[in-house]
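The structure appears right after this line, and notes come after that.
Reckoned from all heavy atoms, side chains included, excluding hydrogens, waters and symmetry mates.
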Amino acid sequence: MLDFLRKRKRSWIITFLLGLIIVVFIAFYGGSKYQDQGAPNVAEVNGDVISQREFALQYQKTLERYRELLKGSLTPEMLKSLNLKNTLLEELIQKRLVLQEAQTLGLTASDEELMDAIGQVREFHVAGRFNKERYLQLLRANRLTPGEFEEEQRQQLTIQRLYGIILDSTRVTDEEMRERYRFEREKINLQYVRLPVSDAIPEVKLSEDEIKKFYDRNKEMLKEPLQLQVEYLSYPFDRFAAGAQVSEKEIEDYYQANRDSKFRKPKELKLRYVSIRVPPGADAKQQEDARARANRVVAEARAGKDFAQLAKQFSDDASAAKGGDLGWATQGQLPPQLATVFGMAKGEVSDVIETPGRLQVGKVEDSREEKSGTLKELTPEIARSLKTEKGKREAAKIADRDREKMLTGNDLAKIAQESGVAVNVTPWFSSGQVLPEIGQNQEFYKNAFALGPKDVSPVVEGNSAYYLLKIKERKEPAVPPLETVRPNVEKGLKESKAYEIVVQKANGLLDQLKKEKDLAKLAAQNGLKVEETGWFLRNTPQLPKIGELPDLRSGVTLSAEKPIADKVLTQKDVVYIMAFKGSQGADMERFESEKEALEKQALAETRQQVLQKFIEGLKSKAKIQIHAGVLEAD
């Protein structure tokens with residue numbers, strides 16, 4: 001590999017999406033070069049250190065991205081399941097290894113290449129040209145120095161250069177694509193017998209010793225999560241809005257300020273449509289057939305045939321069952337390609353409209369012209385809106401005042417009485433549960449689980465009220481006594497033992513099938529029913545009548561040459577024995593029309609495999625030391 005890379009390194013031209021790298025870096029990599037000389041290292045890669053500070057900064061940025069993505073619903077349990085720390089460490093180790101290899105091969109990006117790359121980033125341009133002040137301004141906004149940013153960009157350029165050399169030679173031959181097409185587009189039919197785990201449960205007998213051992217082995221799963229009971233004051237907006245006064249001038253001013261933005265109703269059309277699919281990579285004949293169907297719809301609709309019936313007959317969209325009824329829609333609610341229908345009159349049928357992957361025909365069934373409500377018509381609505389807004393402001397003011405009283409230790413009941421609000425107490429709840437009286441208010445739950453024993457929450461806004469929270473009582477995570485969870489333990493143990501019994505039985509039957517080659521005979525001898533999946537493509541993620549099987553995620557490989565599965569296939573509560581029934585060969589006449597898309601997919605997968613093998617090779621030769629204690633520390 002090294003000799004090959006040395007021969008090819010000068011011929012490679014750097015090609016990558018600079019803008020994407022810059023954006024990803026600013027969002028994720030900023031600040032990675034700070035070092036804390038006093039902190040222990042997280043890992044060493046061939047003597048190159050990954051410091052605790054570097055890791056912590058990267059982890060914090062990753063965490064912030066997930067928090068933003070999940071909008072406050074990232075719980076400790078979810079965080080644990082994501083395994084972010086170990087994933088991040090693996091990424092940092094891989095990055096170190098690739099950079100070390102690139103440096104060994106003399107592929108480090110030069111100053112000239114670095115400046116050229118940065119100069120091409122549009123975010124740093126003013127009037128179409130790189131602007132140094134803009135560049136420095138953006139770095140300051142992201143708390144980066146030019147040295148830190150440029151070093152990280154140099155590393156990214158270097159990695160891209162090495163990857164480019166490796167992938168430059170990756171090819172997929174025409175014969176490989178044909179074989180892949182032949183395999184993936186072939187339809188097969190499987191026969192199978194199913195052995196439900198539930199059938200074996202009556203056979204299971206449990207001893208007290210087994211129950212206790214199962215309980216001990218599964219204590220972590222049985223552990224009850226942290227639970228809270230929260231006291232809170234509620235400040236309903238409508239309660240404070242009830243006494244609010246709104247003048248005629250306020251109503252008129254609000255109307256004038258919002259007449260165009262809030263009170264103008266845009267033109268609406270009541271539409272039906274026919275949607276005809278054009279398959280990806282469709283050949284000329286398929287395209288002509290689709291257009292002929294669409295033109296027939298236009299002709300028959302304009303001749304007076306019921307459009308709803310045409311939609312049911314010709315449309316292959318989900319709306320066909322409803323006669324293509326789209327309901328009322330404004331221009332902004334339709335795809336840009338369909339916007340032309342807004343120039344049509346009631347009862348008019350459109351020409352054929354081309355949209356990505358489809359041909360559409362629309363009919364205007366009815367229309368409502370643009371209209372702005374009058375002040376007189378809208379006065380009651382505006383008055384309600386203004387009263388609600390005033391009530392909300394008053395509720396916020398009272399809640400802020402009461403929070404100050406709570407912080408100084410005033411009695412909660414007394415504060416509530418003075419403000420005319422209620423003291424509420426939640427039932428016990430854990431992270432992820434939704435309280436009916438609170439609903440899907442993530443800020444409420446987020447603040448509740450962040451509170452200490454004597455803390456008072458900030459004012460939390462809900463859909464119809466503000467809240468102030470205090471912890472009333474807290475139950476720490478704990479494993480309940482065996483007697484409390486005995487029914488669940490016994491149920492889980494029975495299901496586990498039943499699963500083992502069924503798998504053992506299925507393996508015995510499979511061994512017999514491999515000798516006799518006759519699934520129908522085997523099923524008859526054992527009182528089982530043979531079923532068939534029906535025809536499906538080999539790489540279908542879910543088998544007809546069965547669903548997803550983890551062992552078949554990469555596709556079904558059974559064939560006439562290899563008709564019996566190597567092992568039994570399992571779901572949570574069913575075990576399957578499968579055999580090949582028949583196949584329908586791929587339509588190779590369509591290969592050429594789909595070849596381009598297939599080549600892109602095959603090349604992307606092959607490149608991914610090449611890079612993975614390359615990194616695995618680097619890891620196998622590397623000296624990597626991970627300080628797990630530092631990694632596990634909070």
Would you mind reporting whether [Y] and [X] have side-chain heavy atoms less than 4.5 Å apart?
{"X": "V193", "Y": "Y576", "answer": "no"}
{"X": "L468", "Y": "V459", "answer": "yes"}
{"X": "L57", "Y": "F55", "answer": "no"}
{"X": "L552", "Y": "Q542", "answer": "no"}
{"X": "L509", "Y": "L528", "answer": "yes"}
{"X": "Q191", "Y": "E531", "answer": "no"}
{"X": "L190", "Y": "I188", "answer": "yes"}
{"X": "F214", "Y": "L206", "answer": "no"}

Main chain of [Y], side chain of [X]: is a donor-acceptor contact present, judged purely on distance under 3.5 Å?
{"X": "D518", "Y": "L513", "value": "no"}
{"X": "S457", "Y": "L469", "value": "yes"}
{"X": "N41", "Y": "I50", "value": "no"}
{"X": "T87", "Y": "N83", "value": "yes"}
{"X": "T173", "Y": "E176", "value": "yes"}
{"X": "S51", "Y": "E54", "value": "yes"}
{"X": "T426", "Y": "V230", "value": "yes"}
{"X": "E599", "Y": "E596", "value": "no"}
{"X": "Q100", "Y": "V45", "value": "yes"}
{"X": "T540", "Y": "L537", "value": "yes"}

Do [X] and [Y] have side-chain atoms, one donor and one acceptor, less than 3.5 Å apart?
{"X": "Q360", "Y": "T355", "answer": "yes"}
{"X": "E548", "Y": "Q571", "answer": "no"}
{"X": "S430", "Y": "Q433", "answer": "yes"}
{"X": "N424", "Y": "Y467", "answer": "no"}
{"X": "T170", "Y": "R607", "answer": "no"}
{"X": "S319", "Y": "Y273", "answer": "yes"}

Apply salt bridge (charged side-chain N to carboxylate O under 4.0 Å, His left out) to residues E208 and R486 and explain how you reach the verdict. CA-CA 11 Å; E208 188 62 24; R486 179 177 285 274; 2.8 Å; yes
Is it true that the NZ or CZ of K562 lies under 6.0 Å from the centre of F580's six-membered ring and within 45 degrees of the ring axis? no
Strictly below 4.0 Å, N to O, side chains only: are [X] and [Y] in salt-bridge contact?
{"X": "D551", "Y": "K567", "value": "yes"}
{"X": "E532", "Y": "K545", "value": "no"}
{"X": "K619", "Y": "E90", "value": "yes"}
{"X": "D317", "Y": "R277", "value": "no"}
{"X": "E495", "Y": "K491", "value": "yes"}
{"X": "K475", "Y": "E473", "value": "no"}
{"X": "R538", "Y": "E186", "value": "yes"}
{"X": "D216", "Y": "K212", "value": "no"}
{"X": "E220", "Y": "K223", "value": "yes"}
{"X": "K515", "Y": "D511", "value": "no"}
{"X": "E91", "Y": "R96", "value": "no"}

Distance-minimising heavy-atom pair for [X] and [Y]:
{"X": "F614", "Y": "E101", "value": "CZ-CG, 3.9 Å"}
{"X": "T533", "Y": "P544", "value": "O-CB, 3.3 Å"}
{"X": "P477", "Y": "L226", "value": "CG-N, 3.7 Å"}
{"X": "P480", "Y": "V485", "value": "CG-CG1, 3.3 Å"}
{"X": "R358", "Y": "D316", "value": "NH1-OD1, 2.9 Å"}
{"X": "V489", "Y": "Y215", "value": "CG2-CD1, 4.2 Å"}

Going from [atom1] on [X] to [atom2] on [Y], what distance comes out if it is rounded to the nearest 0.5 angstrom?
{"X": "L167", "Y": "L611", "atom1": "CG", "atom2": "CG", "value": "4.5 Å"}
{"X": "R590", "Y": "M588", "atom1": "CZ", "atom2": "CE", "value": "12.0 Å"}
{"X": "L88", "Y": "T62", "atom1": "CG", "atom2": "OG1", "value": "5.0 Å"}
{"X": "W428", "Y": "Q227", "atom1": "CH2", "atom2": "CD", "value": "7.0 Å"}
{"X": "L89", "Y": "Q94", "atom1": "CG", "atom2": "CD", "value": "10.0 Å"}
{"X": "K505", "Y": "N526", "atom1": "NZ", "atom2": "CG", "value": "6.5 Å"}

Measure from the ring center of F449 to the ring center of F444 and say whether it is less than 6.0 Å. no
Please identify which of these residues, K600, R178, R185, meets the salt bridge (charged side-chain N to carboxylate O under 4.0 Å, His left out) condition with E594. R185
Please lay out, stage by stage, how E203 and K494 fare under the test salt bridge (charged side-chain N to carboxylate O under 4.0 Å, His left out). CA-CA 9 Å; E203 301 176 35; K494 281 187 175 183; over 6 Å; no
Run the salt bridge (charged side-chain N to carboxylate O under 4.0 Å, His left out) check on E500 and K497 step by step: do they pass? CA-CA 5 Å; E500 292 172 5; K497 289 173 76 71; 5.7 Å; no
